[in-house]
Protein chains: 2
Amino acid sequence: MGRRSDHSREELRELFVAQGHALLSEVGFVRFSAREVAKQVGYSVGTIYNVFGSLDALMVEVNGRTLDMWIAFLEARLSACEDGAARLDAAIGAYFDFALGHRHAWTALYDFRLPDGSESPAFYREKVATITGVIVREIAAVLPVSVRERAVPLARSLLASVHGHCFFALNGTFAMLGEDDPLAAAKARVADSVACAISGR
Amino acid sequence: MGRRSDHSREELRELFVAQGHALLSEVGFVRFSAREVAKQVGYSVGTIYNVFGSLDALMVEVNGRTLDMWIAFLEARLSACEDGAARLDAAIGAYFDFALGHRHAWTALYDFRLPDGSESPAFYREKVATITGVIVREIAAVLPVSVRERAVPLARSLLASVHGHCFFALNGTFAMLGEDDPLAAAKARVADSVACAISGR
DNA sequence: GCATTTAATTGATCGCCGTTCAATTTAAAA
DNA sequence: TTTTAAATTGAACGGCGATCAATTAAATGC
């Protein structure tokens with residue numbers, strides 16, 4: 001119906017991203033559909049392509065919102081953690097609890113992939129870097145200064161380890177293999193590597 | 001055209017699974033299509049449903065074939081490994097090299113999920129258990145008898161760690177975070193935990 | 001206030017997809 | 001040879017992402 005004044009371009013983006021996130025959270029990535037989001041927002045499919053340029057671009061925004069929620073969740077947990085030594089474990093617990101509490105949204109972070117050759121936009125990479133930065137900070141805090149330069153590569157690596165544990169917990173692999181406490185296993189692996197780093201190897 | 005004699009039921013299964021695996025390997029999970037597999041095999045879509053019951057069942061068979069290849073690859077690498085101490089690293093290398101060499105097929109192992117509530121068939125679970133068993137054996141081999149009972153949970157956990165590293169290597173997360181040697185990081189994490197286990201904590 | 005320009009919005013259209021199932025064809029059984 | 005049973009087909013259905021000519025409403029110029 002032409003350039004309408006009921007919503008600005010920014011309001012429109014917000015509507016689509018918020019509703020997209022809600023739909024994704026409800027039905028999961030495989031049942032997510034642009035048509036359905038548009039219908040729920042009260043616009044037609046074409047408007048998504050007008051506002052975002054592509055469905056992929058909307059998906060990146062929706063996943064970006066999940067990352068925002070994850071960052072907030074992680075920082076809330078950490079700021080409620082009095083004991084300095086327990087902060088790393090709290091971060092791992094937050095990783096798991098967020099994934100478990102937002103199954104569909106969290107899974108979509110990894111199920112959705114941009115076409116080969118195109119990379120994530122800067123705003124998305126920055127959100128991922130923020131999460132990584134939190135972990136780098138916490139790792140650095142438990143390392144003696146003599147090995148503190150290892151914090152960055154160690155944080156990346158431990159993030160991958162924890163991710164693997166969380167992924168296997170959610171996709172049923174751990175259940176299949178008889179592991180009934182994936183979180184404890186993840187914490188133990190992180191503790192192993194931190195202990196090794198502290199003792200200089 | 002009715003019960004044809006050009007292929008037995010078993011031959012038909014083999015044709016579909018083999019061609020399905022080839023198509024999956026070529027185009028990846030998102031572009032995989034039942035119609036296309038059927039066309040390439042020279043039958044029509046309906047035959048897939050007649051032979052396998054559902055597209056999901058065909059997908060499980062195709063993923064099962066990927067697991068078969070993975071097991072064979074892993075065991076070939078290990079049997080070419082003279083040095084006993086290097087076997088664990090060889091297994092990790094095999095994990096990465098298989099995933100890198102069969103990107104689409106390997107990724108589909110995790111992108112494809114059965115509907116909520118239904119679990120993988122026994123034959124599939126056994127293949128996963130076989131891979132796990134190999135890792136359990138290699139872990140057990142490097143542990144002193146005093147802590148050998150830890151081999152099973154440790155193997156599951158280290159499998160998850162390596163998976164996380166491999167996943168981040170393939171999906172670009174590590175590149176995004178500046179990690180340029182994910183394999184080395186994975187090996188280091190495994191070494192950390194094995195060292196901790198050997199020293200009894 | 002009216003006409004013109006510009007931009008937003010629509011939804012039909014296209015070519016795919018998975019899934020179903022009546023109709024057909026073929027081999028085996030009687 | 002007829003009958004029965006099983007295998008195979010492909011049209012049909014509903015839904016998807018993507019495109020884009022047509023339409024509508026606001027902004028601009030007069």
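Numbers restart at 1 for each chain; the letters A, B, ... are given by sequence-line order, proteins then strands. No experiment lies behind these values; they were computed from the predicted model shown.
- Whole-Å rounding puts the Ile48(A) CD1 to dG17(D) C1' distance at 10 Å.
- Not a single donor-acceptor pair, N or O on each side, falls under 3.5 Å between the base of dG15(D) and the side chain of Arg35(A).
- What separates CZ of Phe29(A) from P of dG17(D) is a distance of 10 Å, to the nearest Å.
- The interatomic distance linking Lys39(A) (NZ) with dC16(D) (P) rounds to 8 Å, in whole Å.
- The residue Leu12(A) sits close only to the backbone: its heavy atoms come under 4.0 Å of sugar-phosphate atoms, none of a base.
- Both Gly53(B) and Val51(A) lie near DNA chain C, and the one whose nearest nucleotide falls closer to the 5' end is Val51(A).
- Phosphate proximity of dG15(D) to Ser33(A): absent, as no side-chain N or O sits under 4.0 Å from OP1 or OP2.
- Between the C1' atom of dG17(D) and the CG atom of Leu58(A) lies a distance of 13 Å, rounded to the nearest Å.
- Arg31(A) comes within 4.0 angstrom of no nucleic acid atom, judged by non-hydrogen atoms across all strands.
- Ion pairing between a basic and an acidic side chain is recognised when a charged N comes within 4.0 Å of a carboxylate O; Arg65(A) and Asp68(A) show no such pairing.
- The CD atom of Glu36(A) sits 17 Å away from the P atom of dG14(D) (whole-angstrom rounding).
- When distances are taken from the side chain of Ala34(A) to each of dG17(D), dT19(C), dG10(D), the shortest belongs to dG17(D).
- For the pair Arg13(A) CZ and dT9(C) P, the interatomic distance rounds to 13 Å; values are reported in whole Å.
- Between His163(B) and Trp106(B), the ring planes are tilted. Angles from 30° to 60° get that label.
- When distances run from any side-chain atom of Tyr43(B) to the nucleotides dT9(C), dT9(D), dA7(D), the shortest one goes to dT9(D).
- Comparing dA7(D), dA18(D), dG18(C) by their nearest atom to the side chain of Tyr49(B) picks out dG18(C).
- Side-chain contact of His165(B) with Tyr95(B): a donor-acceptor pair under 3.5 Å is absent, judged by distance alone.
- A donor-acceptor pair shorter than 3.5 Å cannot be found between the side chains of His102(A) and Ser25(A).
- No more than 12 heavy-atom neighbours from other residues, nucleotides or ligands sit within 6.0 angstrom of CZ on Arg31(A).
- Contact annotation: Ser54(B) does not reach the phosphate of dT19(C) (side-chain N/O to OP1 or OP2, under 4.0 Å).
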